[in-house]
Amino acid sequence: MRICWRKLCILRRPTFLLRRQPQCRLNVLHFATRQFPTGDSRQARGFATARECTGSRTPDLFALNKQISHLVRAGRLGEARAVFDTAGCRNTVTWNAMITGYVKRGEMARARELFDGMPERDVTSWNLMISGYVSCRGSGFIEEGRELFEQMPERDCVSWNTMISGYAKAGRMDEALWLFKCMPERNVVSWNTMVTGFLRNGDVERAVEFFKEMPERDSASLSGLVSGLIHNNKLDEAAKIFLEHGNPDGGEDIVSAYNTLIAGYGQRGRVEEARYLFDLIPFSNDRGKGGAQKFVRNLVSWNTMIMSYVKVGNTIAARELFGQMTERDTFSWNTMISGYVHMSNMKEASKLFQDMPNPDTFTWNSMISGYAETGNLEFARDLFEKMPRKNLVSWNSVIAGYEKNEDYKGAVGLFSQMLTNGEKPDRHTLSSILAIATGLVDLSLGLQIHQLVTKMVNPDVPIKNSLITMYSRCGAIVEAQTIFDEVKLQKNVITWNAMIGGYASHGFAAEALELFEMMKRLEVTPTYITFISVLSACAHVGLVEEGRRHFLSMVKEYGIEPTVEHFASLVDIVGRHGQLNEAFDIIKDMPMKPDKAVWGALLGACRMHDNVELARVAAEALMQLEPESSAPYVLLYNMYADAGRWDEANEVRMMMERNAIKKLKGYSRVDSPQ
DNA sequence: GTAGGGTTAG
C-alpha cells in the first residue's frame, strides 16, 4: 500500500517541480531507484545500496532522510536530532542532513562533532562544514573553513566557490582572487561570486571588468551585477549594462533584474525610467490561452511600478496600473492604499480598504495613520480598536496622531494604556511622548520618558535631541546640557540647535554664542534655526554689532534667506540699542510682510527709548494684525500717560472701547487713568 | 553544499 502511494507521488511531482528547478529531476530519479527494486539494472543498483546498510529488513532510508531534512528546514532541530539518534541505520545523506541543521544555525561546534564522528564523508559533508565556518558572522571562523578546505581529499567546484565567497564576504578580495586563479575549473557561479564580491567591497571597476571577461553568463550574473551596482549608487551604469546584455539564459529569472532596476529608479523618484523598463519586460515564448503571448512581468513588477508612481504622488497613474492588474496580492492593495494615504485622500483610501479582500496589519496601520495625519482622530481610534491584530506601529500611529493634533490628553492616555498592556515603546513612541512633554512643559512626564530612553539598547541621536529640547523647554537647562555632552561626537545640527536654542531662550546668551562658535569650529553648518537662536541671544544681551554681523554672515556666507523671525530679532537688536529709525527702515525694507513679532520688537524698543511717535506706528500695525489684542492699546496708552499727554491717552482708550477690546488682567491702569 | 533577485504601515 505504501509503495503504491509513493508511486502516485512520484508520478505527480515532476509536472510542477521540474519547471522551476531542474535538479528536481535528479531527486526524482534518485527516489525511483531507491524505491522500486524491479526493472532495469540502474534501479537494482539503487536498491543494493540501500540493502547494504540495513541487512535483511528493507529500511526506509529515504523517508528517514526526508524527515530529518524536513524537521531541519522547519527549524525543529531537537526533534531532528532525536530522529537521527534513534535511527536504525544511516547513510552519508542522513549525516549531512543533520549537519545542515547545525550549520544553518551557526552551531558549528555541534556540526563539527557530527562531522568528526562520520563513518564516511562525501564532498557535500566537507562543503557543508566549510560553508558553515565561512558564513559565520565576524569571519572569525574563516581559518577553520580554510583548514578543512586544505584537508579535504578532493575538492569540487562548490568547495572552491564556497571558500571564495567566504573571503569575499570577509572583505578579503585578494585571497578570493588568489583562489579563483588557482582553481582548476571555474563555472558561472565562480565568476558570479567574484563579481558580487567586488561589488560588495565597493570595487565597481573590477566587478565590471570581471563581468565583461566572463566566458558565459546567466541571469544570476546580470541580477548580481545590477543589484550590486545599485548598492554602489551606479544606477545608470547598471541599467546600461543590463540593457546591453539582454537575457543570457532566456529564462523568466531575468524579471527580478528588471524589478531591481525599476525599484532603483522608483525609489529615486525617476518614474519615467522606471516605466520605460517596466514596459520593456519581454514577452515569454510560451503561449497562454488562445495562443496570446504572455507577459513575464510578475506581481512584484507591477507592485514595484505602482510603488514608483506612489512615491512621486502620482496616484492617477498608479491607479490606472492597479486597475489593469489581473491578479493582486496584499502588497498591491497596500501600496495603492498607502499612495492615497500619502496624498491625504482618505476617501479613495477607505474605498479601497473596503474592497480589499484580506486586509492585513499593514493595511489597518496605513488607514489609521492616514486618518491620524489628517486630524480625524475618531476614525483613527475607531479603526485601532477594531483591528484584529495590533502591533507597535498601530499604537505609535495613533499616539503620533494625537501628538500632531495637540490632543495631549489622548496621547498620554493611550501611551499609559500601551504600557499597561505590556507593549514595549520604541523610539517612535518615545519621540512622540517627548514632543508632548515639551508641548505641555511637563517635566515629570519628560523625566519618565528619559528613564525609558535610558533602558533602551541603543537610543539614537534624534531621541537625545528631543530630550535636550524637552529639558530646556522645561527649564532644566543643566539636564539638557548633560544629554548634550553625552551625545559626544555624534552631534548633528539639530543637537547643536537644540542646545543653543535652550541657552538662548533662558537668557544664557554668552553660552549660546560660545556654543555657536564651537559649532562653527567643528565645521557643522548652521541652519536658519541656529541663527534664530543666535540672533535672539544677541538681542538679549544687547550685542548690536555682533548681531548685525551674524545676520550678514547668515545671508552672505551660508546663503540662508532670512525669515520674518530673523528680521524680528534684528529689529529687536537694533531697536533696543536705541537706533529706532534704523529699526523702522529694516521693517520697511523687509522682503516679506512684517508680523506681530517684528512690530512688537519695534514697539518694545520704542517703549524702552520713549519714542511715542514711532510707537504709535508700531502699535497701529499691531492693532491691524491682531484686532482682539489689548496689548498695543495698553502700551501706547501707558506711553502717552507717562509723557503726560492725556488727550492722546484718552483717545487711545476711546479707540479701545470703540473697537470693543477686552481688557486683560494685569493691564488695569487703563481702568483708572488718573 | 557555492552566486543573484523586488514591493506595503509609525
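Residue numbers begin at 1 in each chain, while the letters A, B, ... track the order of the sequences. Hydrogens, waters and symmetry mates play no part in the numbers below; they use all other heavy atoms, side chains included.
In this model, no side-chain donor or acceptor of A/N192 finds a partner on the base of B/dG4 within 3.5 Å. For a distance-only test at 3.5 Å, the side chain of A/N396 fails to qualify as a donor-acceptor partner of the base of B/dA9. With hydrogens and angles ignored, a donor-acceptor pair closer than 3.5 Å exists between the side chain of A/D253 and the base of B/dG4.
Here A/T162 lies in heavy-atom contact (under 4.0 Å) with sugar-phosphate atoms only. Within 4.0 Å (heavy atoms only), A/R297 reaches no atom of the nucleic acid at all. Here A/K104 lies in heavy-atom contact (under 4.0 Å) with sugar-phosphate atoms only. Here A/Q267 lies in heavy-atom contact (under 4.0 Å) with sugar-phosphate atoms only. Nucleic acid contact for A/N298: base, since at least one base atom lies under 4.0 Å from a heavy atom of the residue. Residue A/N391 is in base contact, counting any heavy-atom pair closer than 4.0 Å across all strands shown. Nucleic acid contact for A/N187: none, since no nucleic acid atom lies under 4.0 Å from a heavy atom of the residue.
Counting to the nearest Å, the P atom of B/dG5 and the CG atom of A/L229 are 12 Å from each other. At whole-Å resolution of the value, CD in A/E327 and C1' in B/dT7 are 14 Å apart. One atom, CD of A/E423, and another, P of B/dG10, lie 18 Å apart when rounded to the nearest Å. A/R389 has its CZ atom 19 Å from the P atom of B/dG10, to the nearest Å. Here B/dG10 presents its P atom at 15 Å from CD1 of A/I399, a figure rounded to the nearest Å. Atom P of nucleotide B/dT8 and atom CZ of A/R319 are separated by 19 Å, given to the nearest angstrom. The distance from atom CG of A/D249 to atom P of B/dG4 is 16 Å, rounded to the nearest whole Å.
Stacking here means ring centres nearer than 5.5 Å and ring planes tilted less than 30 degrees, and by that measure A/F362 stacks onto B/dT8.
Listed in residue order, the members of residues 365-380 of chain A having a heavy atom less than 4.0 Å from DNA chain B are A/N365, A/S366, A/S369.
Defined by atom type and a distance below 3.5 Å, a donor-acceptor pair is missing between the side-chain atoms of A/R297 and A/Y258. Side-chain contact annotation: A/N303 with A/T335, donor-acceptor N/O pair under 3.5 Å absent. Under the 3.5 Å distance criterion, with hydrogens and angles disregarded, a donor-acceptor pair is assigned to the side chains of A/N334 and A/T363. For A/T94 and A/N65, the side-chain atoms include at least one donor-acceptor pair closer than 3.5 Å. With 3.5 Å as the limit, one finds a donor-acceptor pair spanning the side chains of A/T429 and A/N396.
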Would you be so kind as to tabulate the donor-acceptor pairs closer than 3.5 Å made by side chains of residues 313-320 of chain A, with sequence neighbours excluded?
from: A/N314; atom 1: OD1; to: A/I316; atom 2: N; distance (Å): 3.4
from: A/N314; atom 1: OD1; to: A/A317; atom 2: N; distance (Å): 3.0
from: A/R319; atom 1: NH1; to: A/Y340; atom 2: OH; distance (Å): 3.1

